Amino acid sequence: MAHSTLSGIAILGAGLFVAEAYLPALATLGPTSFSLKAVYSRSEKSSSETAQNAAKILGLSSPDVYFDGDHPNNLDALLARSDIAAVIIALPITLQPKIVVKCLLAGKHVLSEKPVAPDVAQGLKLLEDAEPICQQYGLVWRVAENFEAEPVYRAAGEAIRSGKIGSVIFFKASVVNFIDKTSKWYKTPWRTVPDYQGGFLLDGGVHTIAALRTMLPEPFTHLAGFASLNKEYLSPHDTIHCVVRAQSHYHGIVEMTFASPTKSIPAAENIVITGSKGWLACNSTSEGFKIVVKVVEEKESGKTGEEAEHKEKEEIISFPRKGVETELAAFFDAIGRQGTGEFALDIGNPREALKDVAFIQAALNSEGNLIDLLELIQASS
């Protein structure tokens, strides 16, 4: 947790995720970590509704309302306030880069929603603009990728790096989603007609890549795959299948779709990491998440081959869903530790988040050709 209460924070955005994730997470953290001073949205109506909702969920007086227009309550006025030290940005994907820079130039710490940018080129430009400002003024900028922050994936990563399943030899990630036109997520206007690559595959797909990035000990270096559109209303793409490699260390398969024809999906493990001694699986449950680990027990000394009975040991651990709460706490903590020489939980690095965007971009454009992910980032600079 942060060393002291921030002088004030503002939320920029009034969408579903603010209402269903950020406000409840802030309520869980409690008022000792922050003081919500203001809410901004492009329209007065949505900003006012979010401010009222915030007051109800957080149990405080209604934060001030800001919205677009040539008037005293626009975003410029919000950013001019000296009692607001940090902003949480949850705006449409294509709007976020310029707002991140605008907030940093105003001297505010920033937590911006994933993805870090609509594509690699815009992500690199954002880093080029934002990083010098952060360094010059001692500001914290983190990307809110809640899967990276989820305790289940962090625990899985720690177990794998400690050698729990031996050396990683291959992996599999399978994500199947059902999205129809009645979905609350589909009804969000900027998702209904996306002005960015991949549609739901970018917006939601970076979660899975971030989870894998958190769990696996080596970064992805190459992929080859195919993308397709199976439901016209989910354009431009709704499905990708890829073979992925992490240098010479290991390889695996990543498949994602938002075009399942049924709400019920085939029973399968979500993510499975296989090592030389066993495997680890992560799955979402109604209560949160679950890790299953199966490893081969050490053979009795002196016995080999058929003399040694093959024995497996299973371990099952459940985790609550706490990604948004964790990323907010880490963000506040990082601000509180500025200048102390101490370190907060290392999540939300924008350069790591850019790797997630690069993966999705490569998968959308591979057409079966091998793509070097490192070269993709370098070529876009």
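Given the structure is predicted, the values throughout are model-derived calculations rather than measurements.
Proximity of the aromatic rings of Tyr186 and Phe258 is defined here by a centroid distance below 6.0 angstrom, and this criterion is not met.
Distance alone, capped at 3.5 Å, places no donor-acceptor pair between the Asp333 side chain and the Gly336 backbone. Judged by distance alone, with hydrogens and angles left aside, the side-chain atoms of Asn74 form a donor-acceptor pair with the main-chain N or O of Ala77 at under 3.5 Å. Not one N or O on the side chain of Ser112 forms a donor-acceptor pair closer than 3.5 Å with the backbone of Ile89. Judged by distance alone, with hydrogens and angles left aside, the side-chain atoms of Asp129 form no donor-acceptor pair with the main-chain N or O of Leu126 at under 3.5 Å. Looking only at distances, a side-chain donor or acceptor of Thr214 sits under 3.5 Å from a matching main-chain atom of Ala210. With Glu297 contributing its side chain and Lys313 its backbone, the two residues share no donor-acceptor pair below 3.5 Å. Side chain of Thr221 to backbone of Gln247: a donor-acceptor contact under 3.5 angstrom is found. Without hydrogens or angle criteria, Asp238 side chain to Ala259 main chain gives no donor-acceptor distance under 3.5 Å.
When Ile93, Val206, Val357 are each tested for a side-chain contact (heavy atoms from CB on, under 4.5 Å) with Val116, only one passes: Val357.
In plain terms, the two heavy atoms of Ile360 and Ile240 that are nearest each other are CD1-CD1, 4.3 Å. Across every non-hydrogen atom of Phe170 and Tyr250, the tightest pair is N-CB, 4.2 Å. Counting all heavy atoms, side chain and backbone alike, Leu127 lies closest to Trp141 at CD2-CZ3, 3.9 Å. Closest approach of Thr285 to Phe289, counting heavy atoms only: OG1-N, 3.6 Å. Summarising the geometry of Ser260 relative to Val176, their closest heavy-atom pair is CB-CG1, 3.7 Å, with the distance given to 0.1 Å. Between Ala21 and Val324, the shortest heavy-atom contact is O-CG1, 3.9 Å.
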| message | If you apply the rule side-chain contact (heavy atoms from CB on, under 4.5 Å), what do you find for Thr188 with Leu16, and how did you get there? | response | CA-CA 8 Å; Thr188 305; Leu16 285 170; 4.0 Å; yes
| query | Yes or no on side-chain contact (heavy atoms from CB on, under 4.5 Å) for Leu216 and His249, after CA distance, side-chain angles and deciding distance? | reply | CA-CA 11 Å; Leu216 290 166; His249 300 287; over 6 Å; no
| task | Give the intermediate values and the outcome of side-chain contact (heavy atoms from CB on, under 4.5 Å) for residues Met256 and Leu201. | result | CA-CA 8 Å; Met256 298 182 208; Leu201 288 169; 4.1 Å; yes
| field | Chi angles and distances behind the side-chain contact (heavy atoms from CB on, under 4.5 Å) call for Tyr66, Arg81 | value | CA-CA 12 Å; Tyr66 293 82; Arg81 289 178 55 166; 3.0 Å; yes
| request: Would you check, one step at a time, whether the test salt bridge (Lys or Arg N to Asp or Glu O under 4.0 Å) holds for Glu148 with Arg142? | output: CA-CA 12 Å; Glu148 179 189 21; Arg142 290 190 168 191; over 6 Å; no
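Environment of CZ in Arg42: sparse, with no more than 12 heavy atoms of neighbouring residues, nucleotides or ligands closer than 6.0 Å. More than 12 heavy atoms of other residues, nucleotides or ligands sit less than 6.0 Å from atom OH of Tyr233. For NZ of Lys231, the number of neighbouring non-hydrogen atoms (other residues, nucleotides, ligands) closer than 6.0 Å is greater than 12. Heavy-atom neighbours of His251 NE2 from other residues, nucleotides or ligands within 6.0 Å: at or below the threshold of 12.
Separation of atoms CG (Leu29) and CG (Leu328) is listed at 6.0 Å; rounding is to 0.5 Å. Rounding to the nearest 0.5 angstrom, the gap separating the NZ atom in Lys355 from the CG atom in Leu374 is 8.0 Å. To the nearest 0.5 Å, the span separating NZ on Lys108 from CD1 on Ile335 amounts to 11.5 Å. Rounding to the nearest 0.5 Å places CG of Leu234 at 8.5 Å from OG1 of Thr239. Going from atom NZ of Lys98 over to atom SG of Cys103 covers 12.0 Å, rounded to the nearest 0.5 Å. Note that the SG atom of Cys282 and the CE atom of Met215 stand 3.5 Å from one another [nearest 0.5 Å].
A salt bridge links Glu49 with Lys45; the closest basic N to acidic carboxylate O contact falls under 4.0 Å. With respect to Lys102 and Asp76, a salt bridge is recorded, a charged nitrogen being found less than 4.0 Å from a carboxylate O. A salt bridge between Lys114 and Asp356 is absent, with no side-chain N of the basic residue lying under 4.0 Å from a carboxylate O of the acidic one.
Leu95 and Leu75 fall into different hydrophobic clusters, defined by Ile, Leu, Val, Met, Phe, Trp and Tyr side-chain heavy atoms under 4.5 Å apart, directly or through other members. Val152 and Ile316 fall into different hydrophobic clusters, where Ile, Leu, Val, Met, Phe, Trp and Tyr side chains are chained together by heavy-atom contacts under 4.5 Å. Grouping the Ile, Leu, Val, Met, Phe, Trp and Tyr side chains by contacts below 4.5 angstrom, directly or via other members, places Ile253 apart from Trp279. Cluster membership check: Ile99 shares its hydrophobic cluster with Val140, using side-chain heavy-atom separations under 4.5 Å among Ile, Leu, Val, Met, Phe, Trp and Tyr. In the hydrophobic clustering of ILVMFWY residues, with side-chain heavy atoms under 4.5 Å counting as a link, Val243 and Leu376 come out apart.
Proximity of Glu145 to His207: side-chain heavy atoms (C-beta onward) are separated by under 4.5 Å at one or more points. Inter-residue side-chain proximity for Leu78 and Leu12 is flagged as met; some heavy-atom pair is nearer than 4.5 Å. The side-chain heavy atoms of Trp185 and Arg191, taken from C-beta on, include a pair separated by under 4.5 Å. In this structure, the side chains of Pro97 and Lys125 stay at 4.5 Å or more apart for every pair of heavy atoms. Between Asn270 and Val175 the shortest side-chain heavy-atom distance falls below 4.5 Å. Side-chain contact check for Leu223 versus Phe359: some heavy-atom pair is nearer than 4.5 Å. Side-chain contact between Val39 and Val18 is absent, with no heavy-atom pair separated by less than 4.5 Å. Taking 4.5 Å as the limit, some side-chain heavy atom of Val254 sits within range of a side-chain heavy atom of Ile209.
Annotation: side-chain hydrogen bond (donor to acceptor under 3.5 Å, both in side chains) contacts of Lys172 (sequence neighbours excluded): none. In this structure Ala144 satisfies the side chain to side chain contact (heavy atoms under 4.5 Å, CB included) test together with Tyr22, Leu111, Glu113, Glu327, sequence neighbours excluded.
Side-chain atoms of Tyr40 and Asp68 include a donor-acceptor pair closer than 3.5 Å. Ser47 and Ser41 share no donor-acceptor pair across their side chains, judged by distance under 3.5 Å alone.
Classified by interplanar angle (parallel below 30°, tilted 30° to 60°, perpendicular above 60°), the ring pair Phe147/Tyr153 is parallel. By the 30° and 60° cut-offs, the orientation of the rings of Phe332 relative to Phe34 is parallel.
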